[in-house]
Protein chains: 2
Amino acid sequence: MRLAELSRRSGVSTATIKFYLREGLLPPGHRVSSTQADYDEEHLRRLQLVRALIQVGGVSVADARGVLAAVDDASLDQLSRMGTAVAALPQALPAPADDDEEAPTAERVAVEVQRRLGWRVVPGNPAHQALVSAVSALLRLGYPCDGEALLPYGELAERLAEHELALVEEFAAPTTQLEAAVALTVLYEPVLLSLRRLAQAERASRLLSGGEDPDEAPE
Amino acid sequence: MRLAELSRRSGVSTATIKFYLREGLLPPGHRVSSTQADYDEEHLRRLQLVRALIQVGGVSVADARGVLAAVDDASLDQLSRMGTAVAALPQALPAPADDDEEAPTAERVAVEVQRRLGWRVVPGNPAHQALVSAVSALLRLGYPCDGEALLPYGELAERLAEHELALVEEFAAPTTQLEAAVALTVLYEPVLLSLRRLAQAERASRLLSGGEDPDEAPE
DNA sequence: ATGATTGGATAGTGTCACTCTCCTATCGAT
DNA sequence: ATCGATAGGAGAGTGACACTATCCAATCAT
């Protein structure tokens, strides 16, 4: 398949594909001559993953490169690659906040939840940092947020993780499990957030309007 | 309080505060002369909310303006304002994908989950659109994703929403409930996502390393 | 042989969230 | 009153980012 066909089948412009090739998000095609390259189904698949990461998952090009590099790194075992790949996913939480006086409290809260859930605590983990940032912001605005309050969230998160890893094992061949793990981690994120927003809207409207709607049938 | 003091107490540069004032994210200070204005605690609080929305929540300046306008809009009742405010929050899902052949399927899946949960379906809702986009991306990558599979996510989302609305009612005075709803919606998002990532890392490492760790105590 | 196409390289575009510079008006101290 | 310092407002500028448009030489199909 030539670049033009890859573009047609993926819906991504040739210019953008070239950009991804240049940025190392997409492995180069198999050179068939000095000015022509050939792309296969694997390229198409990878391209769709890249698009999903960037457009749906909001991952930056640089971070996507890191994630994919980890997925492809044959020198690591599966666990390390998965860890590296997921760790390379960002949370887009920019400032660890240097002069943040809530930070120590937030750090304590974050550690406490994880301890109470029996999780290993890895302070360097980006997800851990993101958690600290978010808790810190909550505290700064005066909302209560302690280990106790976060526990239910952590339990829900465990259930999600369990479910998603089961999906990965069930629906992906071993060679594509890493890719599946990355894709599901990133793509179920907006799913979860959207459903949460929808649930909030639903609850709020029932609550404030007195639930006079006829078509409700909870549980 | 002068601009300089507001800046000092919030940790936000005067240049940025001026920018927020210009963009209408922060109401103007009380003019004390033609070139001086006075800011109060309410300004400080609002500024912290703006920072939380933008930095932690990843909300754009334009969207933040919309959210805050809805929060402040005295011409609407509380329900409408909350709906408008939360709807104005983005999901940063850019492309509803015009030429997307998975879109109709995704739409059907999204509607099905919501119906099965007894929620009202509002096709125009940004959260609904985001859900469709995400499901569509999942399908395009070949991962199974139907109403059945999303149901557990929806149920979890309901529990989250319930919990968060309870928090809003419990910890915020009626006049600040809207602000609390917005803040909690946005700030619990990264909390949830971080915990999910941490849970995934935990599960994955246990799974792949054979769970030889001594300190695990699941369930 | 030749016109179109391909792939690669380079530079440009639009957006966004600030940030810098400048300017005038006022404030506080003398 | 005066004078340097500072406040606040307006506009342009900056840097990051994700593309995107333009060239160009080398092929490929005919």
Side-chain angles (χ1 to χ4, degrees), chain A residues 1-40 43 47 49-68 90-95 97 186, chain B residues 1-40 43 47 49-68 90-95 97 186:
Chain A
M1 176 186 351
R2 295 288 203 257
L3 210 168
E5 191 182 347
L6 184 63
S7 166
R8 207 166 9 82
R9 288 185 56 189
S10 63
V12 179
S13 75
T14 59
T16 300
I17 296 178
K18 287 184 186 183
F19 170 67
Y20 289 160
L21 285 167
R22 233 176 305 144
E23 294 293 321
L25 299 187
L26 208 55
H30 309 119
R31 301 303 299 267
V32 81
S33 84
S34 73
T35 62
Q36 305 231 304
D38 217 49
Y39 304 91
D40 55 24
H43 284 97
L47 179 55
L49 177 61
V50 167
R51 284 307 267 192
L53 285 176
I54 290 179
Q55 291 210 320
V56 182
V59 177
S60 75
V61 166
D63 287 331
R65 181 168 41 232
V67 172
L68 297 172
Q91 298 270 119
L93 284 201
V186 169
Chain B
M1 165 182 8
R2 290 303 159 70
L3 211 169
E5 191 182 347
L6 184 62
S7 165
R8 206 167 10 83
R9 287 185 56 188
S10 62
V12 180
S13 75
T14 60
T16 300
I17 295 177
K18 286 183 184 182
F19 169 68
Y20 289 160
L21 285 167
R22 234 178 303 150
E23 294 294 320
L25 298 186
L26 209 55
H30 309 118
R31 301 303 298 266
V32 81
S33 84
S34 72
T35 62
Q36 306 231 305
D38 217 49
Y39 304 91
D40 54 25
H43 284 97
L47 180 54
L49 177 61
V50 168
R51 285 306 268 191
L53 284 177
I54 290 179
Q55 291 209 319
V56 182
V59 177
S60 75
V61 166
D63 288 331
R65 180 167 43 232
V67 171
L68 296 172
Q91 298 270 123
L93 284 200
V186 170

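Here dG8(C) is the nucleotide among dT19(C), dA17(C), dG8(C) with the atom lying nearest to any side-chain atom of Lys18(A). Among the nucleotides dC28(D), dG8(C), dA17(C), the one closest to the side chain of Tyr39(A) is dG8(C). When distances are taken from the side chain of Phe19(B) to each of dA21(D), dA17(C), dG9(D), the shortest belongs to dA17(C). Among the nucleotides dC20(C), dG8(D), dA18(D), the one closest to any side-chain atom of Arg22(B) is dC20(C). Relative to the side chain of Thr16(A), the nucleotides dC19(D), dC20(C), dG7(C) differ in distance, and dC19(D) lies closest. Nearest to the side chain of Arg31(B), among dA25(C), dG9(D), dT20(D), sits dG9(D). For Ala4(A), the listed nucleotide lying nearest its side chain is dT6(C); candidates were dC28(D), dA10(D), dT6(C).
The CZ-P distance, from Arg65(A) to dC19(D), rounds to 13 Å in whole Å. Rounded to whole Å, atom P of dA10(D) lies 13 Å from atom CG of Leu3(B). Look at CD on Glu5(A): it is 11 Å from P on dT6(C), rounded to the nearest Å. Following rounding to the nearest Å, Leu25(A) (CG) and dA18(D) (C1') show an atom-to-atom distance of 11 Å. As rounded to whole Å, 12 Å separates atom P of dG11(D) from atom CD of Glu23(B). Atom-to-atom, CG of Leu21(B) to C1' of dG8(D) comes out at 9 Å; the value is rounded to the nearest Å. Going from atom CG of Asp63(A) over to atom P of dC17(D) covers 9 Å, rounded to whole Å. To the nearest angstrom, P of dG8(D) lies 9 Å from CG of Leu6(B).
Toward the 5′ end of DNA chain C lies the nearest nucleotide of Val59(B), the other residue of the pair Val32(B) and Val59(B) mapping further downstream. Looking at which nucleotide of DNA chain C each of Gln36(B) and Thr35(A) is closest to, the 5′-most match is held by Thr35(A).
Among the protein residues, Ala37(A) comes within range of the sugar-phosphate backbone only, with heavy atoms under 4.0 Å from sugar or phosphate atoms but none that close to a base. Backbone-only contact: Arg51(B) has heavy atoms under 4.0 Å from sugar-phosphate atoms and none from a base. Nucleic acid contact class of Ser60(A) (heavy atoms, under 4.0 Å, all strands): sugar-phosphate only. Residue-level contact check: Arg2(A) touches the backbone only, with heavy atoms under 4.0 Å from sugar-phosphate atoms and none from bases.
Of all heavy-atom pairs spanning Leu21(B) and Pro27(B), the tightest one is CD2-O, 3.5 Å. Contact record, Met1(B) with Asp38(B): N-OD1, 3.3 Å, taken as the closest heavy-atom pair. Between Ser7(B) and Val12(B) the shortest heavy-atom distance is OG-O, 2.7 Å. Shortest non-hydrogen contact noted between Thr16(B) and Arg51(B) is CG2-NH1, 3.7 Å.
Listed pair Ser34(B) / dG8(D) fails the phosphate criterion, with no side-chain N or O lying under 4.0 Å from OP1 or OP2. Between Tyr20(B) and dA17(C) there is no side-chain N or O to OP1 or OP2 distance below 4.0 Å.
In this structure, a donor-acceptor pair under 3.5 Å is absent between the side chains of Gln36(B) and Arg31(B).
We find the CZ-CD distance between Arg65(B) and Glu23(B) to be 5.0 Å, quoted to the nearest 0.5 Å.
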